[in-house]
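Data first, discussion second: the structure below is written as structure tokens.
All values reported here derive from a predicted model rather than from experimental measurement. Start at 1 and go down the list; that is how both ligands and their atoms are numbered. We're numbering straight along the sequence, starting at 1.
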Amino acid sequence: MRNLTLATLTALVARCAATWPHPHPPKDLPPVTSEALQALISLDQLESGAQQLQSIADAAGGNRVFGSKGHNDTVYFLYDTLLATGYYDVELQEFIELFSGGTASLSINGEVQDANIFTYDSSGSASASLVAVDNLGYEVADYSTEVSGNVALISRGECPFALKAANAATAGAAGAIIYNNVPGPNIAGTFTEPGDYAPAVSVTQEDGEALLAQLEAGTPVTVELEVNAVLENRTTFNVIAETKGGDHENVIALGAHTDSVEKGPGINDDGSGTIGILTVALALTKFAVTNAVRFGFWTAEEFGLKGSEHYVSTINQTAGEITKIRAYLNFDMIASPNYAYFIYDGDGSSFNLTGPPGSDAIEADFQAFYVSVGENYSATAFDGRSDYGPFLENNIPSGGLFTGAEDIKTAEEVEQFGGTADEPYDSNYHQAGDTIANLAWDAFLLNTKAIANSIALYATDLSKIPPVTSTTPAKRAWYPSRELTASGPRKARTALAEKRSVSRKRHTGCKKGHAVAI
Ligand SMILES: *[C@@H]1O[C@H](CO)[C@@H](O)[C@H](O)[C@H]1NC(C)=O
Ligand SMILES: *[C@@H]1O[C@H](CO)[C@@H](O)[C@H](O)[C@H]1NC(C)=O
Ligand SMILES: *[C@@H]1O[C@H](CO)[C@@H](O)[C@H](O)[C@H]1NC(C)=O
Ligand SMILES: *[C@@H]1O[C@H](CO)[C@@H](O)[C@H](O)[C@H]1NC(C)=O
Ligand SMILES: *[C@@H]1O[C@H](CO)[C@@H](O)[C@H](O)[C@H]1NC(C)=O
Ligand SMILES: [Zn+2]
């Protein structure tokens, strides 16, 4: 792929800004149909697209985190590919976003141990004794005076990580180790925003409980801990491509995020969604559409939906631009290695989080697709934890597909979808192992065809989806971020009751005045 210089890029941005939007409907193309569009989706294209992203990551130190070379090259690849079709008006939407990253290290009694940094962590180092913190560390009173100058050992649960790390700082801790409260790999948690935190690292439940047992047995534990946090403003880009043809007053939008986490190349999360919608975009160029189709390739999703939030915030509400988006479809992880076919629960029948009117029809159309190919499907909570969140906030009917992240596949789901019970849907979620070898190609192909089916339907006929009349959404339960947070893993939770109790605890169990958002 062509390596754009800054000057070329600036020229491109200027050119497309000047010509956007610029409808030149291509002539003599046949009207799109689901069957014809699906027939143009092939495994070869998905493989070469995924390989493109893998090569970009490999050439950039192994990741595609926003603002990095790996992410910039991903964005330029998408921009160039879409522009070259001549079928789309393509925009590189530039903005500045706060980046947080860095490294952490930990040794216990001189032995190096696996430890993760938190997003928005504070830098610092400590060489001191380990002191267990009572309860879950959400009140300063839980921190004994012994914590001062030492390293606090705190369990995950009930309250934001940030509150615990802030309390540790208040108690004078030189550092903090926060251990998981559920089994599984070491988490990559977030503090949500910069603050006054003790330098903190996360360890697994197993490692944390072993440390606690030593302290309870009266064995002294010496800790060497170091956090080198990077916090900087970075320039980054969304890529937005809209068909030149079709009715621009009635737009069907869809999106996927282009960034990975810093730990790995992110080929399933969300290379799969990125390449899935790109492949549909390229196939669509062979057809005429009735309604315009707008593809959003969002940056910085892993930092809290920043790209999609930025895009939605820049749409001119005065001119009614936002309500021209008749529906938004999101695709974040569609080829998980131990997959299930999850559909966002737009009608609220499974999770009682109903989307704006029309979301039910979007869900039903995805269901009908899986029925038509003889596959099972299940529901995933429509809780705003991916890039559809900002669209839901504006009352835009939404939907999408998901094949599962770090949550554990049940025996019942193995009957429905095959795969392995008691293992995560994606055991490489947010890890270095999320490479091209981490994809379930059958799910990738089928889900890309499912995207093609919905796009062909809505590019032709939006009558099932009511127009957006108000951008004020109906009141609904709301989760502000999809990132790993205080109480447990995100996504595909099956028990509504459990979710409600978690949400209640967040509000009553945390000390007031420490309003650190989860
Ligand atoms: C990515 O692109 C931005 C905007 O042009 C630039 O400021 C930044 O230096 C680039 N990052 C790398 C690592 O090249
Ligand atoms: C990022 O930019 C904002 C807005 O200009 C500024 O307030 C903030 O201090 C910057 N942060 C860093 C880490 O440079
Ligand atoms: C938004 O749209 C209104 C009405 O068309 C127009 O007057 C205004 O200049 C637009 N604002 C921006 C920021 O483009
Ligand atoms: C679903 O949510 C609504 C509104 O939040 C609430 O009134 C209703 O009791 C909930 N239903 C169930 C079964 O939890
Ligand atoms: C769908 O799920 C049922 C169990 O609920 C199972 O018997 C059937 O084989 C599954 N179908 C497919 C195509 O996997
Ligand atoms: Zn993702």
Side-chain angles (χ1 to χ4, degrees), residues 3-14 53 56-57 59-77 79 92-102 119-123 188 190 193-195 229-239 255-277 297-308 330-336 342 344 380 384-389 400-406 425-426 428-431 434 438 481-484 490-492:
N3 220 350
L4 291 180
T5 63
L6 186 59
T8 330
L9 192 59
T10 310
L12 287 172
V13 175
L53 298 187
I56 284 172
N63 70 56
R64 300 182 302 111
V65 71
F66 93 84
S68 69
K69 173 174 160 52
H71 187 253
N72 285 358
D73 288 351
T74 300
V75 164
Y76 305 152
F77 158 66
Y79 181 84
L92 259 181
Q93 185 179 44
E94 179 179 327
F95 65 104
I96 291 171
E97 189 53 57
L98 185 64
F99 171 85
S100 156
T119 306
Y120 307 111
D121 213 332
S122 296
S123 288
T190 180
E193 59 190 8
V230 176
L231 202 60
E232 63 192 21
N233 286 320
R234 290 183 165 185
T235 299
T236 189
F237 307 95
N238 288 324
V239 179
H257 72 87
T258 53
D259 63 314
S260 73
V261 294
E262 204 175 11
K263 265 196 149 183
I267 305 300
N268 184 36
D269 181 13
D270 184 25
S272 61
T274 300
I275 297 304
I277 71 169
F297 295 87
W298 314 122
T299 182
E301 188 273 353
E302 299 290 4
F303 284 74
L305 323 183
K306 299 301 186 189
S308 53
N330 195 65
F331 303 97
D332 187 358
M333 304 178 74
I334 59 166
S336 306
F342 291 119
Y344 296 145
T380 186
R385 292 188 186 190
S386 186
D387 289 305
Y388 57 91
L401 304 177
F402 174 54
T403 49
E406 80 281 24
Y425 304 107
D426 182 354
N428 291 302
Y429 173 68
H430 284 186
Q431 305 293 324
D434 187 7
N438 190 44
S481 163
R482 66 173 289 239
E483 294 169 273
L484 282 170
R490 70 176 173 93
K491 287 186 174 170

Tell me whether the Zn ion (ligand 6) has Glu302 as a neighbour, meaning an N, O or S atom of it below 2.8 Å.
no
The Zn ion (ligand 6) and Glu301: any N/O/S contact shorter than 2.8 Å?
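Checking the Zn ion (ligand 6) against Glu301, no N, O or S atom falls under 2.8 Å.
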Please find the N/O/S atom of Asp269 nearest to the Zn ion (ligand 6) and write down its name.
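Relative to the Zn ion (ligand 6), the closest nitrogen, oxygen or sulfur of Asp269 carries the name OD1.
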Check Asp332 and report its N/O/S atom nearest to the Zn ion (ligand 6), by atom name.
OD1
Among Thr258, Asn63, Asp259, which residue satisfies the side-chain hydrogen bond (donor to acceptor under 3.5 Å, both in side chains) criterion with His71?
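The residue from Thr258, Asn63, Asp259 that satisfies side-chain hydrogen bond (donor to acceptor under 3.5 Å, both in side chains) with His71 turns out to be Thr258.
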Walk me through whether Lys263 and Asp434 qualify under side-chain contact (heavy atoms from CB on, under 4.5 Å).
CA-CA 9 Å; Lys263 265 196 149 183; Asp434 187 7; over 6 Å; no
Under 6.0 Å between ring centres: does that hold for Tyr425 and Phe342?
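For Tyr425 and Phe342, the ring centres are under 6.0 Å apart.
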Aromatic centroids of Phe402 and Tyr344 separated by under 6.0 Å
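Ring centres of Phe402 and Tyr344 not closer than 6.0 Å.
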Determine if the distance from atom 12 (C) of ligand 2 to the closest protein heavy atom is below 4.0 Å.
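So far as the 4.0 Å threshold goes, atom 12 (C) of ligand 2 is in reach of a protein heavy atom.
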Atoms of ligand 1 under 4.0 Å from any heavy atom of Phe237, numbered from 1 in the order shown, are 4 (C), 5 (O)
Atoms in ligand 1 with a heavy atom of Thr235 nearer than 4.0 Å
3 (C), 4 (C)
of all protein heavy atoms, closest to atom 4 (C) of ligand 2 is Asn233 ND2, 4.7 Å
Starting at OH of Tyr120, measure out to CZ of Phe303 and round the result to the nearest 0.5 Å.
6.0 Å
Rounded to the nearest 0.5 Å, how far does OG1 of Thr299 lie from NE2 of His257?
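The distance works out to 10.0 Å.
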Kindly indicate, with the supporting measurements, whether the criterion side-chain contact (heavy atoms from CB on, under 4.5 Å) is fulfilled by Asp270 and Glu301.
CA-CA 10 Å; Asp270 184 25; Glu301 188 273 353; over 6 Å; no
Numbered atoms of ligand 2 (with element) below 4.0 Å of Leu231, judged on heavy atoms
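It comes down to these atoms of ligand 2: 13 (C).
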Report yes if Gly67 has an N/O atom closer than 3.5 Å to an N/O atom of ligand 1; otherwise report no.
yes
